[in-house]
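One structure is given here, and the rest of the page talks about it.
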Amino acid sequence: QDSHNETILKTAVDKLIELGDTQIEETLMKSLQQQLTPQRRVTIIGALARLKPGDAATLKLLHEQLNNERSNARRSA
């Protein structure tokens with residue numbers, strides 16, 4: 001179920017990025033403030049990375065996820 005939901009989220013975000021949606025970044029950043037599964041968090045961080053490649057804040061989020069002590073969180077990243 002989670003995998004399916006993450007695929008839907010990724011596809012929807014990719015399409016919004018492709019269409020040039022200007023509010024998607026703000027929405028994604030707000031989403032990161034919520035309680036999320038590691039897979040959902042990685043999906044959102046990945047979307048931010050595609051939206052703003054090389055962005056220092058996004059790279060920091062990804063590094064934090066990779067340094068997460070929970071093994072399932074690291075695997076998701």
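This structure is a prediction, so every number in the text was calculated from the model and none was measured. Residue numbers count from 1 along this sequence.
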inquiry  = Return the CG to CG distance between Leu51 and Leu16, rounded to the nearest 0.5 Å.
reply    = 10.0 Å
task = List in chain and number order the residues that pass salt bridge (Lys or Arg N to Asp or Glu O under 4.0 Å) with Asp14, two or more places apart in sequence or in another chain; answer none if no residue qualifies.
result = Lys10, Arg50
message = Quick check for you: to the nearest 0.5 Å, what is the distance between Asn5 atom CG and Arg40 atom CZ?
response = 6.0 Å
task = Sequence neighbours left out, what passes salt bridge (Lys or Arg N to Asp or Glu O under 4.0 Å) with Lys52? Give chain and number order.
result = Glu25, Asp55
note = Rounded to the nearest 0.5 Å, the CD1 atom of Ile17 sits from the CG atom of Asp21 at a distance of 9.0 Å
task = Identify, with sequence neighbours excluded, every residue that meets side-chain contact (heavy atoms from CB on, under 4.5 Å) alongside Leu32.
result = Met29, Leu36, Arg41, Ile44, Ile45, Leu48, Leu61
